[in-house]
Amino acid sequence: MLSAVLCLAAVARAQLTGDFYAGCCPQAGDIVRARVSAVMKAEPRMGASLLRLHFHDCFVNGCDGSVLLDGSDSEKLAAPNMNSARGFEVVDAIKADLEKACPGVVSCADILALAAKYGVQLSGGPGYNVLLGRRDGLVANKSGANSNLPSPFEPIDSIIQKFANVGLNTTTDVVVLSGGHTIGRARCALFSSRLSNCSATSSVDPTLDASLASSLQSLCQGGDGNQTAALDANSADAFDNHYFQNLAAQKGLLASDQGLFSGSGANATKALVQAYSASKERFFCDFGRAMVKMGNISPLTGIGRPDSYQLPGRQ
Ligand code: HEM
Ligand SMILES: *[C@@H]1O[C@H](CO)[C@@H](O)[C@H](O)[C@H]1NC(C)=O
Ligand SMILES: *[C@@H]1O[C@H](CO)[C@@H](O)[C@H](O)[C@H]1NC(C)=O
Ligand SMILES: *[C@@H]1O[C@H](CO)[C@@H](O)[C@H](O)[C@H]1NC(C)=O
Ligand SMILES: *[C@@H]1O[C@H](CO)[C@@H](O)[C@H](O)[C@H]1NC(C)=O
Ligand SMILES: *[C@@H]1O[C@H](CO)[C@@H](O)[C@H](O)[C@H]1NC(C)=O
């Protein structure tokens with residue numbers, strides 16, 4: 001009875017809060033952390049995959065869990081996710097753990113936010129106060145996933161515009177969140193255009209370090225495009241600031257990564273890359289803040305929630 005009353009109190013709140021499940025499921029964070037930790041012991045990369053799922057959820061109709069929905073309009077079928085987004089079975093396992101402990105309480109959108117947080121933290125990254133209380137959406141948006149998610153082939157200006165479209169309006173947001181690429185992998189298909197016949201005058205991308213280019217050429221040669229390379233060649237599974245140090249040494253993997261440092265008109269982003277490559281503390285602090293901001297992208301308003309936004313009870 002007491003717990004039912006506390007749950008209603010939580011439901012009536014309009015804003016995301018750090019203690020949303022304190023009354024109904026105080027162990028929610030620990031349960032997510034335990035599962036993510038167990039999975040990452042077997043496969044460290046999964047921390048990265050879970051971080052990316054939360055990003056891909058938030059950029060399409062807000063952080064509403066819609067990336068998880070199946071069906072003909074599934075976001076899983078959109079180009080940025082197909083044969084690419086991973087970790088769905090881990091989210092299912094976490095959901096099953098939570099249903100055992102607190103049936104019908106924790107939303108899938110919140111599971112994605114928590115799993116991303118622990119994926120980062122258990123990779124050695126910063127902790128941050130993840131905000132909770134999201135409502136799950138009931139419709140997926142495949143065309144929204146195709147249009148809203150940034151591509152590694154597009155210019156930085158256009159990527160910044162996509163962030164602005166969801167209310168992430170600063171250069172800092174784009175650069176610091178790109179630092180998520182300090183962990184995880186990317187398939188050859190997404191960077192091999194930098195390795196040969198890159199332009200009329202140059203076979204290899206001139207902003208790609210020659211020795212990294214040659215090792216990537218051997219990796220990708222003759223394959224079907226599905227071989228993977230570390231986004232941070234220096235420390236693939238460690239959440240640190242090597243991603244930014246790599247960019248300063250022309251060792252970014254994706255064209256969109258290297259463009260933050262080397263792109264034409266990249267002055268503002270370049271200055272931030274230099275700042276983060278010099279200070280892991282500053283990167284960690286700004287990354288945590290930007291993750292909270294990204295996690296607050298709402299289906300109704302682009303970012304943040306109006307006071308009238310009511311969170312319905314969980315089914
Ligand atoms: C700035 C624009 C971005 C672009 C163009 C981009 C693009 C990509 C691409 C092409 C991949 C590889 C996919 C594959 O191999 O199938 C990837 C992986 C990844 N992205 Fe991004 N991304 C961006 C921003 C972000 C953000 C904001 C985050 C999170 C904060 C993020 C987190 C990740 C992670 C962790 C991986 C590795 C996933 C794994 O190993 O399973 N990315 N991204
Ligand atoms: C899908 O996403 C696009 C781009 O954000 C948006 O304009 C559109 O309204 C969304 N459609 C649905 C059905 O949510
Ligand atoms: C970003 O948007 C918020 C809310 O719309 C606004 O208060 C802030 O000034 C904007 N920041 C920049 C750098 O445009
Ligand atoms: C190299 O790129 C040019 C221009 O994009 C294209 O016309 C040509 O067919 C490409 N060559 C190879 C071998 O891919
Ligand atoms: C990669 O793997 C997927 C799934 O097995 C397959 O459908 C696809 O044809 C492969 N090749 C590329 C270039 O994606
Ligand atoms: C970038 O900085 C250089 C000098 O460092 C300047 O000449 C150039 O105009 C700047 N570009 C932009 C787009 O601000």
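Not measured: the values here are computed from a predicted model. Below, each value reflects all heavy atoms present in this structure, side chains not excepted, and no hydrogens, waters or symmetry copies. As the structure lists them, so they are numbered: ligands from 1, and atoms in each ligand from 1. Numbers here are sequence positions counted from 1.
Ligand 1 does not have Val174 within reach: every non-hydrogen atom of the residue lies 4.0 Å or more from it.
Judged by distance alone, with hydrogens and angles left aside, the side-chain atoms of Arg86 form no donor-acceptor pair with the main-chain N or O of Asn83 at under 3.5 Å. Using a distance-only test at 3.5 Å, with no hydrogens or angles considered, a donor-acceptor pair links the side chain of Gln227 to the main chain of Leu219. Under a 3.5 Å cut-off, the side chain of Ser66 and the backbone N or O of Ala140 do not form any donor-acceptor pair.
The N/O atoms of Ser147, backbone and side chain alike, include none that comes under 3.5 Å of an N/O atom in ligand 2.
Aromatic ring pairs are classed by plane angle as parallel below 30°, tilted from 30° to 60° and perpendicular above 60°; the pair Phe244 and Tyr276 is tilted.
Listed by number with element, the atoms of ligand 1 under 4.0 angstrom from any heavy atom of Ile159 are 1 (C), 2 (C). Residue-ligand proximity, Arg187 to ligand 1, at heavy-atom distances under 4.0 Å covers atoms 14 (C), 15 (O), 16 (O). Of all atoms in ligand 1, numbered sequentially from 1 with element shown, those under 4.0 Å from a heavy atom of Arg45 are 39 (C), 40 (O), 41 (O). Near Leu254, meaning under 4.0 Å from any of its heavy atoms, are these atoms of ligand 1: 7 (C), 8 (C), 9 (C), 10 (C). Every atom of ligand 2 with a heavy atom of Asn61 under 4.0 Å away is listed here by number and element: 1 (C), 2 (O), 10 (C), 12 (C), 14 (O). Here is the list of ligand 1 atoms found below 4.0 Å of a heavy atom in Gly180: 35 (C).
When only non-hydrogen protein atoms are considered, atom 4 (C) of ligand 2 lies nearest to Asn148 OD1, 3.4 Å. When hydrogens are left out, the protein atom nearest atom 7 (O) of ligand 5 is Asn83 ND2, 3.8 Å; that is the closest non-hydrogen contact. Ranking the protein heavy atoms by distance from atom 30 (C) of ligand 1 puts Leu177 O, 3.4 Å first. Annotation: atom 1 (C) of ligand 2 to nearest protein heavy atom, Asn141 ND2, 1.4 Å. Asn226 ND2, 2.2 Å is the protein heavy atom nearest to atom 2 (O) of ligand 5.
Contact check on Asp286 versus Arg289 returns a salt bridge, with a Lys/Arg side-chain nitrogen under 4.0 Å from an Asp/Glu carboxylate oxygen.
The nearest non-hydrogen atom to atom 10 (C) of ligand 1, considering only Gly119, Pro152, Ser178, comes from Pro152. Distances from atom 7 (C) of ligand 1 to the heavy atoms of Met294, His181, Met291 show the closest one on His181.
Listed by first then second residue, pairs satisfying salt bridge (Lys or Arg N to Asp or Glu O under 4.0 Å) with a partner in residues 179-194 read Arg185-Asp237, Arg194-Asp205, not counting sequence neighbours.
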